[in-house]
Number of protein chains: 2
Amino acid sequence: MSDCASCAVRNRAICSGLDPDELAELGQMGRRQQIKAGHTLLWEGDDVPLVANVLRGVLKLVVASSAGREQIVGVVFPSDFIGRPFGEESPYSVTAITDAEVCIYNRNSFDAFASTHPHLQQKLLHRTLDELDRARYWMMLLGRKSASERVASFLLDISDRLSAQGGEADAEAFELPFGRQQIADILGLTIETTCRQLTRMRSDGLLDLPSRRTVVIHDRRAMERMAG
Amino acid sequence: MSDCASCAVRNRAICSGLDPDELAELGQMGRRQQIKAGHTLLWEGDDVPLVANVLRGVLKLVVASSAGREQIVGVVFPSDFIGRPFGEESPYSVTAITDAEVCIYNRNSFDAFASTHPHLQQKLLHRTLDELDRARYWMMLLGRKSASERVASFLLDISDRLSAQGGEADAEAFELPFGRQQIADILGLTIETTCRQLTRMRSDGLLDLPSRRTVVIHDRRAMERMAG
DNA sequence: CGCTGCTTTGATTCGTATCAATAGCAGTGG
DNA sequence: CCACTGCTATTGATACGAATCAAAGCAGCG
């Protein structure tokens, strides 16, 4: 079981707002697990009977085409929920892109618990609706935006999500949890195109790239214009 | 109020499975509305306080980029649910692409009803999870598939959804509810590219296009291969 | 019959992918 | 501490697929 009292995300994850006894019951069902960067928790197409909360780290949701091309269809941060409740098989893989820690539940037990705890189900519904909105916005980006618009949109989005996570003091300077290939897989581009766009933005003075993973936005206004 | 007893989708929409008295209460809140093809029910960004069930017809969910390019992020059929419960503004427009009829609820009343009826909320959650899976698969299509793969995937998907609707006797011959521009807006392509792919598929013997909106799939196996 | 709007086909341009090579950083072991 | 190795990132040259621009074809409708 998990020790919910010491949980880093207990006020933000779906568990928040549960009664103490409900929390105890759910806590009985969960167990913590460490995942090393690069390791995969769920495989696309597998019937993996688990769901989880992210306690620490960043993970990606990946759908692969039959030709082996990969598209990242979601990125989850601490307090986010992982998995496909009320479903047979996972429609995507879930892989840690940094070292991570998750709180795992058996899916059937979780489903049963959710079905009998409307509070929790409502939280899950709200989260799923938010995810759906995000996915649909991303569909527009993937279907209709140019490479430069995509990269600008990505940087603004990540900057927002990282500061919402509260880690970064300054929304304009942040550490990407992604390598270039992963950014490309999020944006539906190649690594070369992604790279060229970043280089151009740097030479245009929009941003600085002090190290591989560090971004400093100089002109957010211009970047918003570029994001389209 | 709506007459649920005569409702064409009462066994398939989220209302199914409600007790008779719950159904009566929900029925009190709903009213039917006709929508002509081309008319818009919800505007992107507006705070439109309504949600709805589709009774008849087909509608599209559209997100526009600031440059005016349109991406269709969802297509809804009879028994599907429309709108953004528990949210302020609609993240997309909803426009009828055929003449349609919907059963409309005030969003606040619906939210309140859903919050007190776990059964309904669970149905809504299941639907939303399914929509999310579909959206994520579509993200992969938009980010990673070529024009021919997209068109093939689209035809297979629509064929499936139409036969699931039960209207068509033959899954291989069906009537598209979309014009070419709309197909292009679903696939993140231009109308010309969409057209050329269809023409090529016809000359390759994969399908026939007896009229503008009619598709007859001749070689489903080959089309599945082409869909990637 | 002749509009009108949608669709198809053609010619060309442009953006991004691909292919190829180099550069730079991080970790390893001498 | 530095050479070595492997991996990630960057830059360059070219190819290719889809967009764009332009025009013609075709169906539905007054």
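In what follows, chains are A, B, ... by sequence order, proteins preceding strands, each numbered from 1. Because the structure is a prediction, the values reported are computed rather than measured.
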Check your understanding: Considering residues, nucleotides and ligands other than A:R161, do more than 12 of their heavy atoms fall under 6.0 Å from its CZ?
Key -> yes

Study note, to complete from the structure: Against the side chain of B:L189, the closest entry in C:dT9, D:dA18, D:dA9 is D:dA18

Check your understanding: Got a donor-acceptor contact below 3.5 angstrom from the B:K145 side chain to the B:A227 backbone?
Key -> yes

Point to revise | Least distance between heavy atoms, A:L162 atom then A:F77 atom | key: CD2-CE2, 3.9 Å

Study note, to complete from the structure: Quick note, B:I191 side chain, CB onward, closest among C:dT8, C:dT16, D:dA9 is C:dT8

Point to revise | Nucleotide C:dG15, atom C1' - distance to CG of A:L142 in whole Å | key: 17 Å

Check your understanding: B:R144 CZ to C:dT18 C1': how many Å, rounded?
Key -> 13 Å

Review point. Does a donor on one side chain and an acceptor on the other come within less than 3.5 Å for A:R69 and A:Q71?
Key: no

Practice item. Could you tell me which non-hydrogen atom of A:S79 sits nearest to which non-hydrogen atom of A:R127, and how far apart they are? Key: O-NH1, 3.0 Å

Practice item. For B:T199, report the nucleic acid contact type (base, sugar-phosphate, nothing); a contact means any heavy atom under 4.0 Å. Key: sugar-phosphate

Exercise for review: Can you tell me the distance, in whole Å, between the CD1 atom of B:I97 and the C1' atom of C:dC6?
Suggested key: 15 Å

**Study point:** Minimum-distance nucleotide (side-chain atoms of B:T190 versus C:dT8, D:dT10, D:dT20)
**Key:** D:dT20

**Study point:** Nearest non-hydrogen partners of A:I217 and A:S159, listed with the distance
**Key:** CD1-CB, 4.5 Å

Practice item. Nearest whole angstrom, please: distance from the P of C:dT7 to the CZ of B:R213. Key: 7 Å

Review point. How close or far is atom P of C:dT16 from atom CZ of A:R69, stated in whole angstroms?
Key: 17 Å

Point to revise | Short side-chain N/O contact from B:S146 to OP1 or OP2 of D:dG17, under 4.0 Å | key: no

Point to revise | A:I104 and A:L41: CA distance, side-chain angles, deciding distance, side-chain contact (heavy atoms from CB on, under 4.5 Å) verdict | key: CA-CA 10 Å; A:I104 291 181; A:L41 178 65; 4.1 Å; yes

**Study point:** B:R213 atom CZ: more than 12 heavy-atom contacts under 6.0 Å
**Key:** yes

Check your understanding: Using a cut-off of less than 4.0 Å, is there contact between a side-chain N or O of B:T193 and OP1 or OP2 of D:dA19?
Key -> yes

Exercise for review: Report the distance from atom NZ of B:K145 to atom P of D:dG17, rounded to the nearest whole Å.
Suggested key: 18 Å

Review point. For residues 176-185 of chain B, which residues have at least one heavy atom under 4.0 Å from DNA chain D?
Key: none

Exercise for review: Would you mind building the protein contact string for nucleotides 21-30 of chain D? One character per nucleotide, 5' to 3', B for base within reach (heavy atoms under 4.0 Å), S for sugar-phosphate only, - for untouched.
Suggested key: B----B----

Exercise for review: Could you grab the distance from atom NE2 of A:H218 to atom CG of A:L207, nearest 0.5 Å is fine?
Suggested key: 8.0 Å

Check your understanding: To the nearest angstrom, how far is B:R150 atom CZ from D:dG17 atom C1'?
Key -> 11 Å

**Study point:** Protein-nucleotide distance (A:M201, atom CE; D:dT11, atom P), rounded to Å
**Key:** 15 Å

